[in-house]
Amino acid sequence: MASKRTHDEAFAEAADDAAPQARLPRATQEIVTYFEELKSHFDGLHDKEEQSLLVANALEEASGQECAVATDPACSRVLEALLPAAEPQQIAKFFQAVLKGEGLMAMASSPFGAHVLEAVLEQLTNSQQDSVVEGPAIEELLTEACSSVCEHLYDFLTNRYATHVARRLLCIIAGRNVLPLAAKSQNKKSKGGALASKVGLLPGKQAATPDVACPDLLHMLVDTLLSSDYMSALHELMYDQNASPFIQGILTACEGNGEALQALIPAMLGAQADAEEGDDSLLQGITRGSFQSIMQDRLSSHVMEVVFAVAPQPLLEEFYASFLSGDLPALAAHPSANFALQAFLAAANRSPLVKTLLAELKGSFKELLQRRRSGVVAALLAACARTSAGQADASKAIAAALTGLHDEGKGLAETLLTLDMPGRICGPDMKPGQRVKLSPLGCAMLTTLLSFPQEFSQAFVSSIGDWSPSETLRVGQDPGGSRVLEALVNAAAASKAKKKLLRKLKGMWAILAVEPGGNHVVESCFIWGGVKDKEVIAGELAAAEASLSATPRGAALMRKCGTSAFKSSSSDWKRKATADAQTLNEYAELFGSDQAAAAEAAEADYPASNGDVAQSHGDVAASEAAVMADMNSLELPVKKRKNGKKSTAAAAAAETDSAVVTDQLVSPEESQALIRDKRKQQAKKQEKDLAEPTSVLGTDVVDAPWANEIVSPVLHTEGVGEPNSAAVKKKKQKKSKRKEGENGKGIQKRDVRVTVPQDTKASLNLVGFAAVKPASKQKKKAAKKA
């Protein structure tokens, strides 16, 4: 058994790993003993003021030998634990002392000092950014630290300990975490972000790039890398395991800064430094072989992923034309280059480029799936869905590739979900309750295919329809499979397939709702389903209220489904659901959600697809969910009023001209006032028109050659008073006959007195209300007799 190392042995080992130009100082034995005793005393304190006072004493004791304390194996751990309880001015004073001379490099090159420096930088950024009492401003400290790093940038980037300090400083300058996911120390909470961004599960370049916190300091780092001292070494830094994450981070920090990227990217790829300015000469000196070798290297391929992600679209197209065209299948099969190619496909946002990429790769789909390179296929399908380009060819190619892969009895959908894994979703030899982990990439590809227009995704929708109820349940319980079912419900697929899915899950809604992913499936099905489907779902969830309440999202789902109201009175719940569904259907037909989707697509500069139309229907469904979420109040449909003042006002409103509308909900009193004002205006207009009929056409009408052909205007007196014109009476008689004919045929007309808003979402806010209520039957009969 290895013996425990002594303090001197640990210190000597750290000194050997340090940079040669910065030898580590040593702390005295008294300081080491003091900090060891201090840690036990600090752990026993719980009052923040006492802790702050103890930390102040410790930092005062270490004054003058900050670097020695921070690089000591024992003292550094105590100091790192004390820093969160220190005041900002105390930390600033400590950091200012470290920045003197070569203290920063000496401290950063130590395995213990690097951790202390990272903690200091983190505490400085967490403190207030305006000023520090009795100390320098934080911005001045960061500027001084950045200058010190730039003086020894190569040493900072290539040192195994100092590189972490440089990365932390870069994140502070950028104002966000710009490090790659591989840097686990900085990305402990990031899971699945790389896959999600490539297959379209996370927003890509559509999201706005955050502003840089310290643009001047970022400019300082970029200028240092592009200087003559580092221009030749910049290409080599991509191949260094310590410097590569920093290079990726600085490229991410420069995203959106075209000038900086057009200078950094060619220099990293080995372009000639004396190349003339202009897009045609940016990549001068880079050969096809050297470019592809960078993609194939285990370390530099990570840099190429970031290069493709942040590069402008014209530069991406130049990459393909100059270095990638014709070699995509070989690069897609390479163990390292395929990841860089996935990033390239995820960054392609122009339809012509995506069509060209699909034409070159679609013949290799089967080989890529067999060789476990399905990430390239998933990224390409996501690009087709994102740009609405080549969707027909992509769906045919993936279906043909899967036909030669699936076993007997498996369909297209099941083959995708069980990609790279043996067995079936629900095999005969499986034990009760046993689950199969579905392929994340297969689930992502199937989700993307379901977002294609209906004519291109029908084969996969039909394959899903062939699943048994138990297989459908197993898919819904899987994290990735639940996204597939949710995509089917929200996609532009036929209603028949969606109804079939709801029938298969009948009796298992509560089982599915307990799972985190299945909860979303139940919610989507409830929103889309009819009143009977909603009643079944709400009833099953109400019966399992106890188990659902123990899940994270169970209570929210039950509120949206109105389970408490359902348990109180299922008949009232059903009447409310029927009324709300009917109102939503009327408004969806009235305001034309499909046209709204096409208008939004035109504003976004891309053609509307069936997926966009499905999204507009999803907005209507979302409003339905909001209405159903309020179902606990159980506001029953309004019954017909008896004859009275309010019904009289409504009848009078129904008899007014159809131009009498309002954009807001009004009370009966306000409605009567509006009607009276409108009648007065029409009466005045009638008197004026009868007195001066030629004034309708202007004051100079007598001089016109067609003045003698003027025809008296037909005045709209309906709803103003008793008709005094034979033409008006004749018009009312025709209208009454037409109404009687419609009533005889069973046609029901509703008088919806609202102005159609331009935005569909604004119109949905009016669900369940009417601006002016229609007249009662008695008033209509009285009007016909008159």
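Throughout, residue positions are numbered sequentially from 1 according to the sequence presented.
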Are [X] and [Y] close enough that some pair of their side-chain heavy atoms sits under 4.5 Å apart?
X	Y	value
V120	V98	no
D240	L157	no
H302	V306	no
L345	F308	no
I247	L234	yes
Q123	F95	no

Derivation and outcome, side chain to side chain contact (heavy atoms under 4.5 Å, CB included), residues L324 and L331 | CA-CA 9 Å; L324 300 177; L331 293 173; 3.6 Å; yes
Measure up the F323 and F319 rings against each other and bin them: parallel (under 30°), tilted (30 to 60°), perpendicular (over 60°).
-> tilted
I need the [X] [atom1] to [Y] [atom2] distance, nearest 0.5 Å.
X	Y	atom1	atom2	value
L358	S351	CG	OG	12.0 Å
I398	D393	CD1	CG	13.0 Å
T143	I173	OG1	CD1	8.5 Å
L251	M268	CG	CE	4.0 Å
R373	D420	CZ	CG	10.0 Å
S395	K362	OG	NZ	10.5 Å

How about S244 and Q248: does a side-chain donor come under 3.5 Å of a side-chain acceptor?
-> yes
Apply the side-chain contact (heavy atoms from CB on, under 4.5 Å) test between L221 and each candidate in L169, L226, I250; give the one that qualifies.
-> I250
Kindly say whether P335 contributes a backbone atom to a donor-acceptor pair with the side chain of N338 at under 3.5 angstrom?
->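 At least one qualifying donor-acceptor pair exists.
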Just by modelled atom types, is the L412 backbone N or O under 3.5 Å from a matching donor or acceptor in the S463 side chain?
-> yes
After noting the C-alpha distance and the side-chain angles of L328 and Y320, does the key distance pass the side chain to side chain contact (heavy atoms under 4.5 Å, CB included) rule?
-> CA-CA 9 Å; L328 292 184; Y320 174 75; 3.7 Å; yes
Can you list the steps and then say if V489 with E486 is a side chain to side chain contact (heavy atoms under 4.5 Å, CB included)?
-> CA-CA 5 Å; V489 176; E486 192 175 357; 6.0 Å; no
Minimum heavy-atom distance F460-L402, with the two atoms named =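 In terms of heavy atoms, the two residues are closest at CE2-CD1, 4.1 Å.
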